[in-house]
Amino acid sequence: MPSSKATLYYVYDPMCSWCWGYKPTWDQVTEAVSDQVEIIYVLGGLAPDSDVPMPEAMQQQIMSYWKKIEDYLGTRFNYDFWANNTPRRSTYPSCRAILAARSQGVELAMLNAIQEAYYLNAQNPSDNDVLLSLGQKIGLDMAQFEAEFLSQQNHQRLLDEIDFARSIGGNSFPSLIMQTSDSVIQLPVDYQNAATTIAQIRSMI
């Protein structure tokens, strides 16, 4: 028989700082409801490909977001990133790496690797060589990963997934969207309290 489970879409970007801040709470949510709903990760695509160095004003703005999240949630950030790299407003490379890792069944391992490289180890996941090294680190079949990661088909898959994210209301990251047999509803993201979201999900299934 087909599954009658409701679907919970988690719309995210691997270089979204609020997604990194939400991670501990999201982990609690998934642990509590993963046997009751089907959880599907959807890439939202925060920033298209760019080779242009990020303007200083934008760097300062993003650093201020990090500080806000740090103060609000206690999230750790390594600010050496800004001194050690040439930041670019470009998250599509990391999204394509996620898709190529998903093909080998390890989307979440790649997500964790990208977030830790970026936020804790001050590496730049806008750079293909960083993403390839992370693929190696998590034990991917590197010939397959590199070929798929760099392929035009993979880029098109990302564009299609971004279109899908927008079609269900995933316009900010993270977004939580519940689809049941009779409705599609966006849930508010409670960054501090998993119990709120868990209760909302259970009330809908």
Side-chain angles (χ1 to χ4, degrees), residues 10-31 41-102 104 106-140 142 145-146 149-150 158 162 170 172-176 189-194 197:
Y10 178 70
V11 183
Y12 75 102
D13 186 287
M15 293 180 67
C16 159
S17 50
W18 281 104
C19 296
W20 172 239
Y22 185 51
K23 184 181 186 305
T25 302
W26 172 241
D27 286 347
Q28 293 176 49
V29 172
T30 58
E31 187 175 349
Y41 288 77
V42 180
L43 289 159
L46 187 59
D49 294 301
S50 174
D51 290 325
V52 179
M54 191 182 292
E56 181 67 28
M58 184 180 286
Q59 293 187 41
Q60 293 297 327
Q61 183 181 46
I62 294 174
M63 269 190 271
S64 76
Y65 296 156
W66 287 16
K67 187 71 171 68
K68 180 179 179 180
I69 296 165
E70 197 171 53
D71 292 344
Y72 182 45
L73 299 172
T75 308
R76 287 175 57 210
F77 291 93
N78 185 343
Y79 292 86
D80 288 347
F81 172 83
W82 301 98
N84 295 353
N85 299 279
T86 302
R88 307 193 309 284
R89 186 70 171 157
S90 182
T91 73
Y92 280 20
S94 63
C95 291
R96 286 191 292 268
I98 292 279
L99 286 177
R102 184 189 292 169
Q104 297 188 38
V106 286
E107 176 172 3
L108 297 188
M110 179 56 87
L111 172 58
N112 291 338
I114 291 171
Q115 289 178 323
E116 289 178 6
Y118 182 25
Y119 295 115
L120 300 181
N121 300 327
Q123 296 176 275
N124 190 353
S126 297
D127 294 339
N128 285 353
D129 61 341
V130 169
L131 296 163
L132 289 167
S133 73
L134 295 177
Q136 195 153 30
K137 180 180 176 184
I138 65 172
L140 294 178
M142 287 305 294
F145 175 66
E146 184 168 3
F149 168 47
L150 299 173
L158 173 60
I162 291 169
S172 59
F173 317 119
S175 286
L176 300 177
V189 176
D190 188 329
Y191 287 91
Q192 294 176 299
N193 188 355
T197 305

Can you tell me if E31 has over 12 outside heavy atoms packed within less than 6.0 Å of its CD?
no
Side-chain (D13) to main-chain (C95) donor-acceptor, under 3.5 angstrom:
no
Q59: side chain to side chain donor-acceptor pair (under 3.5 Å) partners, not counting sequence neighbours
none
Rounded at 0.5 Å granularity, tell me how far CD1 in I98 sits from CD1 in I114.
4.0 Å
Salt bridge (Lys or Arg N to Asp or Glu O under 4.0 Å) pairs, two or more places apart, involving residues 53-64:
none
Residues passing the side chain to side chain donor-acceptor pair (under 3.5 Å) test with K137, sequence neighbours excluded, are none
Side chains of F77 and M63 in contact at under 4.5 Å (non-hydrogen atoms)
no
N121 side chain reached by N78 side chain, heavy atoms, under 4.5 Å:
no
Holding to salt bridge (charged side-chain N to carboxylate O under 4.0 Å, His left out), I want the full list of residues that pass it with D127, two or more places apart in sequence or in another chain.
R88
Backbone of L46 reached by a side-chain donor or acceptor of T91 within 3.5 Å
yes
Could you give me the CA-CA distance, side-chain angles and deciding distance for Q136 and F145, then say whether side-chain contact (heavy atoms from CB on, under 4.5 Å) is met?
CA-CA 9 Å; Q136 195 153 30; F145 175 66; over 6 Å; no
With rounding to the nearest 0.5 angstrom, report the OG1 to OH distance, T197 to Y191.
10.5 Å
Those residues that, when tested against D129, pass salt bridge (charged side-chain N to carboxylate O under 4.0 Å, His left out) (two or more places apart):
none
Which pair of non-hydrogen atoms, one from A97 and one from M110, has the smallest distance, and what is that distance?
O-CG, 4.0 Å
Salt bridge (Lys or Arg N to Asp or Glu O under 4.0 Å): pairs with one or both residues in residues 78-87, sequence neighbours excluded
none
Under the salt bridge (Lys or Arg N to Asp or Glu O under 4.0 Å) definition, can you give me all pairs with a residue in residues 44-55, not counting sequence neighbours?
D49-R96
List for me each residue that meets side chain to side chain donor-acceptor pair (under 3.5 Å) alongside N124, sequence neighbours excluded, and say none if there are none.
S126
Under the salt bridge (charged side-chain N to carboxylate O under 4.0 Å, His left out) test, residues paired with E146 that sit two or more places apart:
none
Got a sec, which residues hit salt bridge (charged side-chain N to carboxylate O under 4.0 Å, His left out) with K68, two or more places apart in sequence or on another chain?
none
Any side-chain heavy-atom pair from T25 and D190 closer than 4.5 angstrom?
no
Test of understanding: with ring-ring contact (aromatic ring centres under 6.0 Å, His included), list the residues that count as partners of Y118, not counting sequence neighbours.
W66, F81
What are the two closest heavy atoms between F149 and P93, and how far apart are they?
CE1-O, 3.3 Å
Distance-only donor-acceptor hits, side chain of residues 15-24, under 3.5 Å, sequence neighbours excluded:
| unit_1 | atom_1 | unit_2 | atom_2 | d |
| --- | --- | --- | --- | --- |
| W20 | NE1 | R76 | O | 2.9 |
| K23 | NZ | D27 | OD2 | 3.0 |

Quick one: are Y12 and L111 in side-chain contact, heavy atoms under 4.5 Å?
yes
